[in-house]
Amino acid sequence: MAERVRSVKGMRDLLPPETAIWAAVEDVARRIFASYGYGEVRTPILEDTELFVRGVGEATDIVGKEMYTFTDRKGRSLTLRPESTAPVARAFVQHGLADQGLPVKLYYVGPQFRYERPQRGRYRQFNQIGAELIGDPGPASDAELLLMLVRFLEALDYTGLTVLLNTVGDDESRARYREALVAFLEPHREVLGEDSRRRLETNPLRILDTKSPAERELLADAPRLEGHLTAQSRTHFEAVGQALEVCGVRFRVEPRLVRGLDYYSRTVFEIVAEGLGAQDAIVGGGRYDGLIGDLGGADVPAIGFAIGEDRLLAALPESFRRAHAPVAPVHLVAAGDVEPSQLLELAERLRAEGLDLVTELGGRSVKAALKRADKSGSRWVLLAGEDELAAGELSLRDLDAGEQVRLGPDAAIAKIKGQS
Ligand code: HAM
């Protein structure tokens with residue numbers, strides 16, 4: 001036998017019936033985001049590499065070691081998108097969406113690609129559901145975006161969610177803090193691992209979310225960003241917290257939360273769910289007031305989030321799964337010597353009446369067909385034999401009750417619809 005070709009490492013197939021649950025989750029996202037005035041944006045999966053180098057930042061893990069980058073036949077450097085905020089910001093600038101009036105509210109659903117070490121909840125192709133609110137600098141917009149996110153997760157029956165909230169300050173706050181942090185860490189270089197030593201030059205704030213116990217211990221005494229915030233940044237952050245309290249959103253201020261992408265300023269947040277690993281955030285996001293300007297657009301502030309759909313599904317409450325489990329279609333079985341075309345024609349008529357139907361076109365035993373129907377989770381089987389068809393009738397078998405009755409097609413449909 002020929003050797004089998006397998007899917008690429010870290011990339012997986014999603015199959016039915018699980019795909020029905022993914023679609024149900026995405027339907028809820030679309031409904032809720034629309035109710036907040038968001039429209040869907042679909043950007044290409046491939047972008048110029050430069051977009052991510054400039055947008056996400058050269059010193060980030062994503063750009064440094066996780067991108068799927070290749071040159072095309074004309075020698076252009078292209079990258080499979082590792083995230084969608086930079087592409088959405090590019091599209092916003094490219095199409096002059098600011099002219100429609102601000103704010104512009106966009107959401108997206110789609111695959112992202114990062115060359116990470118695959119493990120539970122971490123894939124090389126993964127899906128994100130994200131939203132970007134572009135053009136409103138005020139703290140109330142931060143709160144409204146978070147409210148929308150929480151409402152979405154509640155609609156999936158999630159409970160026990162914690163919003164982890166922090167501010168990374170504006171440019172001035174970060175410059176001040178960077179200096180203080182470097183001054184504190186420099187004398188302890190020997191405690192820092194290779195990554196953190198490099199970050200000391202490139203992006204010292206990222207050292208704050210280190211996993212190394214020795215570094216964590218050292219950082220316990222480090223200066224806090226909080227003490228270096230400009231008055232404006234502080235006021236903004238406090239106002240976000242107040243608005244969330246008024247609206248009843250539970251959150252916890254997490255001073256160490258800094259996020260792994262360079263474009264963030266001021267509000268940043270993550271949401272962790274019970275049942276997933278502690279480092280596995282299902283959502284990450286924040287403000288990125290400088291990104292659109294950095295990509296050649298006007299000075300337009302923005303905030304957004306992206307939900308890791310794979311992780312969202314892995315931790316999805318059972319109640320939502322049950323409520324959205326696909327209903328197995330009715331089986332229409334040819335009993336005896338029935339012309340397949342006759343059965344097809346009958347099936348089309350029944351589908352036109354709103355019945356979801358799979359056909360068993362004959363040639364196999366009725367017993368085997370009943371078994372298959374049962375295995376598929378279907379409750380109903382319609383048996384069409386020569387007798388029945390001649391009388392314009394069908395035999396309807398209820399696999400749950402183990403009963404069978406003979407009746408006309410309309411009565412069969414009514415019974416199925418009334419009881420399934
Ligand atoms: P991020 O934190 O890099 O942010 O990713 C957001 C979410 O995507 C994570 O919380 C996680 O659930 C999921 N995710 C990331 N990498 C993987 C992976 N390898 N496998 C499975 N899931 C993964 C962003 O991407 C920003 N664009 C979010 C944003 C939008 N900020 C502002 N607007």
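Order of appearance sets the numbers: ligands from 1, and atoms from 1 within every ligand.
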With nothing but distance in play, are any N or O atoms of [X] less than 3.5 Å from an N or O of ligand 1?
X: Glu132; answer: yes
X: Ile303; answer: no
X: Ala131; answer: no

### Message
Strictly distance-based, threshold 3.5 Å: is any side-chain N or O of Thr49 a donor or acceptor partner for the main-chain N or O of Ser77?
### Response
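Yes, the answer is positive, given that a donor and an acceptor are paired below the 3.5 Å cut-off.
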
### Query
Heavy-atom contacts under 4.0 Å between Ile282 and ligand 1: side chain, backbone, both, or neither?
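Answer for Ile282: backbone.
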
### Query
Of the backbone atoms (N, CA, C, O) and the side-chain heavy atoms from C-beta on, which set of Arg114 has a member under 4.0 Å from an atom of ligand 1: side chain, backbone, both, or neither?
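Side chain only.
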
Nearest protein heavy atom to [atom], by residue and atom, and its distance?
atom: atom 21 (C) of ligand 1; value: Gly121 O, 3.3 Å
atom: atom 13 (C) of ligand 1; value: Gly308 CA, 3.5 Å
atom: atom 12 (O) of ligand 1; value: Ala281 O, 2.8 Å
atom: atom 1 (P) of ligand 1; value: Arg259 NH2, 3.6 Å
atom: atom 7 (C) of ligand 1; value: Ala306 O, 3.6 Å
atom: atom 5 (O) of ligand 1; value: Gln128 NE2, 3.2 Å
atom: atom 14 (N) of ligand 1; value: Phe126 CE1, 3.5 Å
atom: atom 19 (N) of ligand 1; value: Glu116 OE2, 2.7 Å

Proximal ligand 1 atoms for [X], defined as those under 4.0 Å from one of its heavy atoms:
X: Gly285; answer: 31 (N)
X: Leu261; answer: 3 (O), 4 (O)
X: Gly284; answer: 10 (O), 28 (C), 29 (C)

### Task
Only heavy atoms count here, so choose which of Phe113, Tyr264, Tyr288 is nearest to atom 29 (C) of ligand 1.
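Among Phe113, Tyr264, Tyr288, the closest heavy atom to atom 29 (C) of ligand 1 belongs to Tyr264.
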
### Query
With respect to atom 20 (N) of ligand 1, which of Tyr115, Tyr263, Tyr123 exhibits the smallest heavy-atom separation?
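Residue with the shortest heavy-atom distance to the ligand atom: Tyr123.
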
For residues 22-33, dump all side-chain donor-acceptor pairs below 3.5 Å to protein atoms at least two apart in sequence or in another chain.
unit_1	atom_1	unit_2	atom_2	d
Arg30	NH1	Glu40	OE1	2.8
Arg30	NH1	Glu40	OE2	3.3
Arg30	NH1	Tyr107	OH	3.4

### Message
Would you call the rings of His228 and Tyr177 parallel, tilted or perpendicular, taking 30° and 60° as the class edges?
### Response
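Rings of His228 and Tyr177: tilted, as their planes differ by 30° to 60°.
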
#### Entry: Between Ser376 and His331: side-chain donor-acceptor atoms closer than 3.5 Å
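On atom types as modelled, these side chains qualify, holding a pair under 3.5 Å.
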
### Message
Once rounded to the nearest 0.5 Å, what's the spacing between atom CG of Leu257 and atom CG of Leu165?
### Response
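Nearest 0.5 Å value for the CG-CG distance: 8.0 Å.
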
### Task
Work out which heavy atom in Leu343 is nearest to a heavy atom in Glu360; give both atom names and the distance.
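Closest pair (atom of Leu343, atom of Glu360, distance): CD2-O, 3.3 Å.
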
